[in-house]
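Down below is the structure, laid out as C-alpha cells.
Residue indices begin at 1 and follow the sequence shown. Treat the numbers as computed from the prediction; the structure is a model and nothing was measured.
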Amino acid sequence: MIGFGYKQAWLAVRDGDASALIAALGLRDLGTSPWRAGLDLAYLTDDRLVLAPLLPGARDARWLLATGRWLLRSGSSPVDIIQLSATLRTEVQFFATYRVGELHRWARAVDGVAVRAFGYLGETGEVTTWLGDPDETERELGLPAEFGDDTDVLLSEGDVMRLAGAWSVDPTTLDDRPAPGPLRVAAA
C-alpha cells in the first residue's frame with residue numbers, strides 16, 4: 001500500500017461497501033487500479049475518487065477510505081456526511097488538510113446524526129466550523145472543551161492524521177504494508 005493524506009481530503013466509512021458508497025455519491029465506477037496509479041489520480045485530478053479495500057482501524061472496526069481532490073473542492077466537502085451516514089446506515093467521517101492555507105477540517109456522523117464537525121483556517125487563525133464537543137483525542141491536540149470568541153487554536157496537518165488514526169485510520173501509515181487488494185476508481 002501507499003500512504004496518503006497530506007494536501008488531500010478523504011472519507012472513512014465504517015464497515016463500508018465500495019459499491020454502495022459509489023452509488024450513494026452518484027459516481028461512476030471505473031474499475032480497479034494499482035495503488036500508485038490510483039493515488040496519482042486522486043492527487044492530480046479534480047473529478048476522481050479512489051477507494052481502498054476495507055482496512056483494520058480504530059475501535060476494532062474495518063474502514064473503507066475514499067480519497068480525492070473532488071472532496072477538497074472550495075475548501076468544503078461536496079458530500080453531506082450526515083445524509084451519507086443515514087443512507088449507508090453507518091458511521092461516516094470526513095477529513096481534509098491543505099497546508100498552503102493551513103486548512104484543516106474533520107466531521108463525523110453516525111446513522112444520520114451529526115456527532116462532531118470542526119474547521120480551521122490557519123492563515124487567518126479562524127475556526128470556521130464548530131459543532132459538538134471535542135472528544136479526548138481532540139482535547140489532547142489542544143482544542144478547548146468549548147468554543148468562544150477568545151478561543152485560540154493552533155493545529156497542523158499532523159494533528160488531522162492523529163485524529164484520523166484515533167477515529168478510524170491514519171492514511172499516512174499505510175506505506176509498505178501489504179495491500180488487501182487494488183484500489184477502486186470512481187468518477188464524479
For [X] versus [Y], what's the shortest heavy-atom pair and its separation?
{"X": "L21", "Y": "A66", "result": "CD2-CB, 3.9 Å"}
{"X": "G181", "Y": "P53", "result": "O-CG, 3.5 Å"}
{"X": "M1", "Y": "P178", "result": "CE-O, 3.6 Å"}
{"X": "T67", "Y": "A9", "result": "OG1-O, 2.8 Å"}
{"X": "W130", "Y": "E146", "result": "CZ2-C, 3.9 Å"}
{"X": "I82", "Y": "V113", "result": "CG2-N, 4.4 Å"}

Cluster question for you: counting only ILVMFWY and a side-chain heavy-atom cut-off of under 4.5 Å, with indirect links fine, are [X] and [Y] together?
{"X": "L84", "Y": "L51", "answer": "yes"}
{"X": "L183", "Y": "Y6", "answer": "yes"}
{"X": "V13", "Y": "L54", "answer": "yes"}

Query raised in the report: Any side-chain heavy-atom pair from L174 and W35 closer than 4.5 angstrom?
Result: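 Touching, per the 4.5 Å side-chain cut-off.
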Query raised in the report: Do the side chains of W70 and V79 get nearer than 4.5 Å, heavy atoms only?
Result: yes
Short question: side chain of [X], backbone of [Y] - any donor-acceptor pair under 3.5 Å?
{"X": "Q8", "Y": "R69", "value": "yes"}
{"X": "S33", "Y": "G38", "value": "yes"}
{"X": "S85", "Y": "G112", "value": "yes"}
{"X": "T45", "Y": "A42", "value": "no"}

Would you give the length of the straight line joining atom [atom1] of [X] to atom [atom2] of [Y], rounded to the nearest 0.5 angstrom?
{"X": "L72", "Y": "R105", "atom1": "CG", "atom2": "CZ", "answer": "9.5 Å"}
{"X": "L27", "Y": "D47", "atom1": "CG", "atom2": "CG", "answer": "10.0 Å"}
{"X": "L41", "Y": "L49", "atom1": "CG", "atom2": "CG", "answer": "11.0 Å"}
{"X": "L64", "Y": "L11", "atom1": "CG", "atom2": "CG", "answer": "8.5 Å"}
{"X": "L55", "Y": "W63", "atom1": "CG", "atom2": "CH2", "answer": "11.5 Å"}
{"X": "E157", "Y": "H104", "atom1": "CD", "atom2": "NE2", "answer": "6.5 Å"}

Requested in this report: Show the numbers, then the answer: is there a side-chain contact (heavy atoms from CB on, under 4.5 Å) between L103 and Y120?
Outcome: CA-CA 6 Å; L103 166 75; Y120 174 69; over 6 Å; no
Requested in this report: Just jot down the side-chain hydrogen bond (donor to acceptor under 3.5 Å, both in side chains) partners of R116, sequence neighbours excluded, or say none.
Outcome: E138
Contacts table for residues 161-171: side-chain donor-acceptor under 3.5 angstrom, sequence neighbours left out:
| residue | atom | partner | partner atom | Å |
| --- | --- | --- | --- | --- |
| R162 | NH2 | D159 | OD1 | 2.3 |
| W167 | NE1 | D135 | OD2 | 2.6 |
| S168 | OG | Q93 | OE1 | 2.7 |
| S168 | OG | A164 | O | 3.3 |
| D170 | OD1 | T172 | N | 2.8 |
| D170 | OD1 | T172 | OG1 | 2.5 |
| D170 | OD2 | T172 | OG1 | 3.2 |

**Report entry** Qualifying side-chain hydrogen bond (donor to acceptor under 3.5 Å, both in side chains) pairs, either residue in residues 176-188, two or more places apart
**Finding:** S19-R184, D29-R184
Query - Centroid-centroid under 6.0 Å between W106 and F95 rings - result: no
Report task. Run the numbers on V110 and V92 for side-chain contact (heavy atoms from CB on, under 4.5 Å), then give the verdict. Result -> CA-CA 6 Å; V110 179; V92 176; over 6 Å; no
